[in-house]
Visitor: 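Sharing a structure here in structure tokens format.
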Amino acid sequence: MSKPILVIKFGSSSITHANGEVNEQTLEKIASQVAQLQPNHHIVLVSSGAVAAGKSVIKNYKGSLSERKAAAAVGNPILIAKYNHYFQKYGISIAQSLCERHHFSQRGQFLQLKETYQELWKNGVIPIANENDVVSNVELKFSDNDELATLIATGFGASKLLISTSVGGLLDSQGAIIRQVKEINSEVLSVVSTDKSSVGLGGMISKLTFTRMATRLGIKVVIFGLDQGDGIVDALNEKIGTVFEAQEASLNSRQKWLATGSLIRGKAVLDKGAAKAIAQRKSLLSVGVVEYLGDFEKGEVIELLDSQKVPVAIARARCSKAELQSSTMSLEVAHADDIVLW
Ligand SMILES: Nc1ncnc2c1ncn2[C@@H]1O[C@H](COP(=O)(O)OP(=O)(O)O)[C@@H](O)[C@H]1O
Ligand SMILES: N[C@@H](CCC(=O)OP(=O)(O)O)C(=O)O
């Protein structure tokens with residue numbers, strides 16, 4: 001039987017010091033714990049930290065997009081060399097995998113990535129993924145590596161996604177770690193503020209956004225602190241951090257790809273009747289659309305918003321925005337099979 005797939009994400013604030021230097025003690029800990037888990041798992045590490053590791057070389061660094069891209073180009077080899085150093089101690093080779101959005105939005109490209117990882121695992125090598133910041137512009141960027149880790153975990157059908165945080169887990173209003181979350185609802189979201197660490201991009205809001213996506217697609221997620229107990233090993237055994245239970249997912253792999261890997265081009269705001277219809281698994285007709293936002297062509301992926309502009313689904317458009325707006329008849333905006341509800 002093939003081994004379960006485990007995706008583990010490390011944020012910048014978890015693996016670098018405040019001045020951006022890589023925290024070598026943490027990397028040593030990661031290598032020793034991952035080495036314990038490797039015999040029984042196919043592991044993918046998703047590591048941030050390239051920008052933090054390279055920014056001291058960029059003069060008067062202020063964090064603009066071009067400075068971040070340059071810092072990442074400098075920091076990537078520094079970071080990966082450190083990982084290599086610590087994993088070599090355990091006789092494990094690591095590989096670098098720099099990802100861009102189209103590697104996920106184009107299914108053919110994703111299948112290439114999958115084949116490469118499978119070859120690496122066959123050879124006992126652990127892939128370390130990061131966003132390819134060097135060429136990522138604003139439109140194409142992942143929102144952060146929490147998203148990249150989620151796309152990898154769902155695309156590979158991981159048994160668990162572990163996300164490290166500098167604060168040990170999801171904290172309640174008293175600052176205590178919430179040990180278990182059955183469903184990420186508004187009550188859970190209400191304990192999260194927009195605070196984030198000085199080097200991280202996403203903070204806890206982003207972690208919860210993508211944790212919600214992963215759990216809805218059937219993957220259990222643990223948000224944990226590397227400095228607690230045996231960090232990764234304890235998180236896998238659900239002894240530390242916050243455990244987010246997986247929901248029952250009945251999506252096929254194409255629908256999962258629609259829900260996660262696609263590049264959203266435009267949006268459609270629905271009236272109440274249309275929102276109800278798609279909730280009952282019916283196709284979406286243009287008569288129920290109040291407004292289109294952004295531009296999209298036939299076959300592209302759009303987000304469906306309810307009348308309060310809250311995202312309720314993702315869908316593949318049957319017609320372009322231009323066709324939909326110019327037609328005097330009600331057209332099918334998206335077929336029921338191409339709509340994935342949130
Ligand atoms: N309820 C909450 N529980 C935990 N962290 C929270 C909460 N609300 C806001 N935060 C903030 O989210 C951040 C956690 O993300 P962190 O691990 O630092 O980021 P990254 O992985 O992006 O480097 C912290 O700065 C923390 O203060
Ligand atoms: N790709 C960037 C990090 C982006 C990011 O998601 O950061 P974080 O919020 O710390 O996980 C880097 O390597 O610096």
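Order of appearance sets the numbers: ligands from 1, and atoms from 1 within every ligand.
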Visitor: Arg318 and Asp338: which non-hydrogen atoms are nearest, and at how many Å?
Guide: NH2-OD2, 4.4 Å

Visitor: Taking both backbone and side-chain atoms of Asn145, is any N or O found less than 3.5 Å from an N or O belonging to ligand 2?
Guide: yes

Visitor: So which heavy atom on Ile219 is nearest to which on Ala158, and how close?
Guide: CG1-O, 3.7 Å

Visitor: Could you pull out the closest heavy-atom pair between Lys69 and Val134, with the gap in Å?
Guide: CD-O, 3.5 Å

Visitor: Ser48 heavy atoms, cut-off 4.0 Å: which ligand 2 atoms fall inside?
Guide: 3 (C), 5 (C), 6 (O), 7 (O), 8 (P), 10 (O), 11 (O), 13 (O)

Visitor: With respect to Ser13, determine whether any N or O atom, backbone or side chain, lies less than 3.5 Å from an N or O atom of ligand 2.
Guide: no

Visitor: Going by the ring pair (Phe, Tyr, Trp, His ring centres under 6.0 Å) test, which pairs reach into residues 42-93, not counting sequence neighbours?
Guide: His42-Trp121

Visitor: Using atom types as modelled and distance alone, determine if a side-chain donor or acceptor of Gln247 lies under 3.5 Å from a backbone N or O of Lys182.
Guide: yes

Visitor: Show which atoms of ligand 2 fall inside a sub-4.0 Å distance from at least one heavy-atom site of Gly11.
Guide: 10 (O), 11 (O)

Visitor: Ion pair present between Lys55 and Glu67, side-chain N to carboxylate O less than 4.0 angstrom?
Guide: no

Visitor: Would you find more than 12 non-hydrogen atoms of other residues, nucleotides or ligands less than 6.0 Å from Glu187 atom CD?
Guide: no

Visitor: Can you tell which part of Val167 has a heavy atom less than 4.0 Å from ligand 1: side chain, backbone, both or neither?
Guide: side chain

Visitor: Can you tell whether the side chains of Glu300 and Lys321 come within less than 4.0 Å, N to carboxylate O?
Guide: no

Visitor: Report yes if Leu170 has an N/O atom closer than 3.5 Å to an N/O atom of ligand 1; otherwise report no.
Guide: no

Visitor: In ligand 1, which numbered atoms sit nearer than 4.0 Å to a non-hydrogen atom of Ser12?
Guide: 23 (O)

Visitor: Run the numbers for me: atoms of ligand 1, each under 4.0 Å from some heavy atom of Thr165, listed by number.
Guide: 14 (C), 15 (O), 16 (P), 17 (O)

Visitor: Could a heavy atom of Ser14 be found less than 4.0 Å from some atom of ligand 1?
Guide: no

Visitor: Do any N/O atoms on Arg68 end up under 3.5 angstrom from N/O atoms on ligand 2?
Guide: no

Visitor: Please confirm whether Phe10 comes within less than 3.5 Å of ligand 2 when only nitrogen or oxygen atoms on both sides are compared.
Guide: no

Visitor: Going by the angle between their ring planes, with limits at 30° and 60°, are Tyr117 and Phe156 parallel, tilted or perpendicular?
Guide: parallel

Visitor: Ligand 2 and Lys9, any nitrogen or oxygen pair closer than 3.5 angstrom?
Guide: yes

Visitor: If a pair satisfies salt bridge (Lys or Arg N to Asp or Glu O under 4.0 Å) and one of its residues is in residues 232-245, list it, with sequence neighbours excluded.
Guide: Lys160-Glu238, Lys220-Glu238, Lys220-Glu245

Visitor: Which one holds for Asp133 and ligand 2: side chain close, backbone close, both close, or neither close, with close meaning a heavy atom under 4.0 Å?
Guide: side chain

Visitor: Which heavy atom of Ile177 sits nearest to which heavy atom of Leu171, and what is that distance?
Guide: CG1-CD2, 3.7 Å

Visitor: Using distance alone, determine whether Gly49 and ligand 2 share an N or O pair under 3.5 Å.
Guide: yes

Visitor: Near Val51, which atoms of ligand 2 are under 4.0 Å from a heavy atom of that residue?
Guide: 12 (C), 13 (O), 14 (O)

Visitor: Near Ser12, which atoms of ligand 2 are under 4.0 Å from a heavy atom of that residue?
Guide: 7 (O), 8 (P), 10 (O)

Visitor: Which is closest to atom 19 (O) of ligand 1 by heavy-atom distance: Met204, Lys9, Lys207?
Guide: Lys207

Visitor: Under 3.5 Å, N or O to N or O, is Ser47 touching ligand 2 that way?
Guide: no

Visitor: Using a strict cut-off of 4.0 Å, indicate which atoms of ligand 1 neighbour a heavy atom of Val192.
Guide: 1 (N), 8 (N)

Visitor: If you take all heavy atoms of Asn123 and Glu119, which pair is closest and at what distance?
Guide: ND2-O, 2.8 Å

